[in-house]
Engineer: 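Once you've had a glance at the structure underneath, I'll fire off some questions.
Owing to the predicted nature of the structure, the values given are computational and were not obtained by experimental measurement.
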Amino acid sequence: MKSQTLRLESTPTHRSAQSVLYVKKYQLVPRSHSPPYLFVCIRNWEMDMIFKRKSITTIFGCLFALSFHKICFAEKICTIPPEPVAIKENNTADTVVVHINTTTKDVTLNLTENPGNAFSLRGSELIAKKGLDFETLSGPEELTVQIRCNKTGYRSITLTVIVRVVNINDNPPSFDKSEYTLNLNELTPVNSSIALIEAIDDDSEVLYYSMEPTVNRYFRLETMYIPSILVNKILDYDVIQQVKLILYVQDTLPPSQPGELSFTASATIIVNIIDIDNRPPWFQPCTRVSSGNAKLCLSLGYKGRVNLTEKQDGALQFQPGPVYARDGDKSRNEEISYKIVRGNDDNIFQIDEKSGNISMLKPADIAGPISLLVLASQVLNRDQFATTSVTIDVMKKSRNAPRFEKDRYEGYVYSTSGPENMVLRDRISNRPIRVRARDEDFASGINPDVRYEVQYSSYVNITTDGFILLKKAVRTDSFAVQLRAVDVSTGEAGTTTLSVIVVPSVGDQSPDEGYRAGDMALLGFVMAALLVLCLIVIGYLISRVKKGNPDAFKSEVSIFSSKLMFRAMLEVYSAS
């Protein structure tokens, strides 16, 4: 028998496009109702029996062909798309996941692997029984579902469906707490991070942070993606003790687009500023000055006086006040101790370590100033200290205090007088009033160290020479002030009272108040002129009498007198 070649072909499937099998030395005779592969095996067996030749190769070829036929045919009756199936989370129940293709009848489908019991079969459809939640998945976002296909007389196969759950933005971000409290030392350097406060989002989306712009003068965020709070400006406890921040987070890039699903959250952050020990003691009173971020308090020192060869009991009195220093850090109030470090060579003075009061141990025997250098330092931190000068004048004892020449003065001002106008000494003249104090310790009575003061008055000031000046226009009929003469070298003082009466100004006098000074001067001038005229006339008449008739002289004198009196009355009336 001639050698023949047989070619066996299988129908293409999704797993194998084409399978080709070659069987040599035999003729392939197709039969309409028998599978070609089975026919080949039977035919081969029959021919082997006829010729009584068995071939191991032929037998294995038949078995392989029969198995290959069963496998290919089983795959054809149950197929699914090879790619993973995507489904968005929060889907509705009975959502179709995938359709299973069955190319023959009587195929039975069973779920063999069903993660979370979330799927079921409805006919040839794989459906989701419930809504899927991406955030509750225990593993990766891909779920593996296995379906077994069975048919009587056929080998069962298993289909694997990869269900990919797609995450959507359905959860808002949130902070661990609604309010955070932070403590921050003052003078913390700029750009220092004080906290990293992050929000969490179950959707694992990128989060965007922002902060109230009104507080950006002190703090800022590192970036909109990194909520690290940075110092934007040096904080000074004396200026601000607490800052309140509002931190916002959003799960979409602001501003949100129309129709875009976006969620936000916020947290309150309270930053308490802590006063650190960065300033030395400050002697009081003092003038505050700033130099960059540093603050200083400058004191001019203290001045006092004692009498020569006399020991004063108790604490000495100083100007502008007692020797006292307080901690420059406002809220710390560290304990201060005092010490005289220079100038007390003869040990005349001592200082109370806790209070700063200076007292005398013995009398001073030399006149003149004594300058002490006083140190104030913190008890717990001696590196924080300050110094000041204390000048004590040793003087001969004063036996008399300054004393005003009068116990009470009276002055006048016009109702129209204003600032810088002087108080007058009387109603008639424009001479200003002057007050003076005498000191009997001086031969001339004039103490050059006397200074004048006005107490408790908003109307007047007093010059160093004792003249009284108005500070503003007076809106009352009268007022009184107390004047004080102080010996600045001894501190001794004398007092007096000044009463000021407000009178109408020139041109404002009422008729019942008498003549003004100008009116009286004019009247005096007129009367003097008339007197001179009368003397001239009388002299003329006397000369006539000597020459003529005496009776005629009497008559003329009587007439002249009447005329003179009438003219005087007219002059007075016109002057008034």
Side-chain angles (χ1 to χ4, degrees), residues 81 83-98 111-122 125-147 160-182 193-216 219-230 243-271:
E83 63 275 0
V85 179
I87 181 172
K88 291 184 178 180
E89 66 170 330
N90 302 332
N91 58 285
T92 59
D94 298 335
T95 299
V96 177
V97 179
V98 69
L111 284 172
T112 59
E113 186 175 341
N114 188 4
N117 196 27
F119 304 93
S120 64
L121 291 170
R122 185 176 62 191
E125 293 178 335
L126 177 65
I127 63 172
K129 293 195 305 181
K130 59 183 179 180
L132 301 176
D133 188 359
F134 180 88
E135 288 74 34
T136 60
L137 296 179
S138 58
E141 66 273 14
E142 291 184 349
L143 303 177
T144 301
V145 182
Q146 290 188 348
I147 306 169
T160 300
V161 181
I162 303 300
V163 181
R164 179 174 296 163
V165 181
V166 179
N167 187 24
I168 64 174
N169 186 21
D170 62 339
N171 292 285
S174 63
F175 290 97
D176 183 49
K177 296 186 293 186
S178 61
E179 182 173 306
Y180 297 82
T181 300
L182 305 175
S193 176
I194 65 172
L196 177 64
I197 300 177
E198 294 182 298
I200 57 174
D201 191 341
D202 292 337
D203 294 323
S204 301
E205 299 289 343
V206 176
L207 298 179
Y208 305 91
Y209 297 87
S210 62
M211 202 159 55
E212 268 187 333
T214 55
V215 297
N216 279 353
F219 299 99
R220 73 177 191 277
L221 291 178
E222 182 174 347
T223 67
M224 67 185 304
Y225 309 101
I226 304 175
S228 179
I229 302 175
L230 306 180
V243 177
K244 182 179 180 180
L245 309 176
I246 305 296
L247 181 62
Y248 298 96
V249 63
Q250 185 172 337
D251 58 8
T252 58
L253 182 65
S256 300
Q257 300 301 318
E260 182 182 17
L261 192 60
S262 179
F263 296 95
T264 60
S266 65
T268 301
I269 304 171
I270 304 297
V271 183

Engineer: Measure across A195 and L182 and return the closest heavy-atom pair with its distance rounded to 0.1 Å.
Structural biologist: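 Minimum heavy-atom separation between A195 and L182: CB-CD1, 3.7 Å.
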Engineer: So do Y180 and L247 actually touch side chain to side chain, heavy atoms under 4.5 Å?
Structural biologist: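 Of all side-chain heavy-atom pairs linking Y180 with L247, none is under 4.5 Å.
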Engineer: With side-chain contact (heavy atoms from CB on, under 4.5 Å) as the criterion, how do R122 and D94 come out once you've worked through the C-alpha distance, each side chain's angles and the decisive distance to 0.1 Å?
Structural biologist: CA-CA 9 Å; R122 185 176 62 191; D94 298 335; 4.0 Å; yes
Engineer: Given 3.5 Å as the limit, does a donor-acceptor pair link the side chain of Y209 with the main chain of I197, or not?
Structural biologist: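 No.
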Engineer: Given the rule in the ring-ring contact (aromatic ring centres under 6.0 Å, His included) test, do Y225 and Y208 qualify, once you have shown the distances and angles that lead to the verdict?
Structural biologist: CA-CA 5 Å; Y225 309 101; Y208 305 91; 5.6 Å; yes
Engineer: Test side-chain contact (heavy atoms from CB on, under 4.5 Å) on V166 and I87 and set out the steps.
Structural biologist: CA-CA 6 Å; V166 179; I87 181 172; over 6 Å; no
Engineer: Among V161, N114, T112, which one satisfies side-chain contact (heavy atoms from CB on, under 4.5 Å) with Q146?
Structural biologist: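 Among the candidates, only T112 passes.
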Engineer: Look only at the side chain of N91 and the backbone of K130, and say whether a donor-acceptor pair between them is shorter than 3.5 Å.
Structural biologist: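 Side chain of N91 to backbone of K130: a pair is present.
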Engineer: Taking it one step at a time, do Q250 and S262 satisfy side chain to side chain donor-acceptor pair (under 3.5 Å)?
Structural biologist: CA-CA 7 Å; Q250 185 172 337; S262 179; 3.2 Å; yes
Engineer: Check P173 against L207 and note the closest heavy-atom contact, atom names and distance.
Structural biologist: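 Minimum heavy-atom contact is CB-CD2, 4.0 Å.
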Engineer: Looking only at heavy atoms, what is the nearest atom pair of L230 and E222, with distance?
Structural biologist: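 L230 and E222 have their closest heavy atoms at CD1-CA, 3.9 Å.
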Engineer: What's the shortest heavy-atom distance between L111 and S120, and which atoms?
Structural biologist: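 Result for this residue pair: CD1-CA, 3.6 Å.
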Engineer: Stepwise, does the side-chain contact (heavy atoms from CB on, under 4.5 Å) test hold for L126 with L121?
Structural biologist: CA-CA 5 Å; L126 177 65; L121 291 170; 4.1 Å; yes
Engineer: Taking all atoms of both residues into account, what is the closest heavy-atom pair of V96 and E125, and its distance?
Structural biologist: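 In terms of heavy atoms, the two residues are closest at CG2-OE1, 3.9 Å.
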Engineer: Does D251 use its side chain to pair, donor to acceptor, with the backbone of F263 at less than 3.5 Å?
Structural biologist: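 Here the side-chain-to-backbone pair exists.
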Engineer: Would you compute the distance between atom CD1 of I226 and atom CG of L196 and round it to the nearest 0.5 angstrom?
Structural biologist: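 The distance works out to 8.0 Å.
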Engineer: Can S178 and T268 be said to form a side-chain contact (heavy atoms from CB on, under 4.5 Å), step by step?
Structural biologist: CA-CA 6 Å; S178 61; T268 301; over 6 Å; no
Engineer: Is there a side-chain contact between T160 and V145, using heavy atoms and a 4.5 Å cut-off?
Structural biologist: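 They are not in contact (no side-chain heavy atoms under 4.5 Å apart), so the answer is no.
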Engineer: Shortest non-hydrogen contact from V98 to P81?
Structural biologist: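 Answer, listing the atom of V98 first, then P81: CG2-CD, 3.9 Å.
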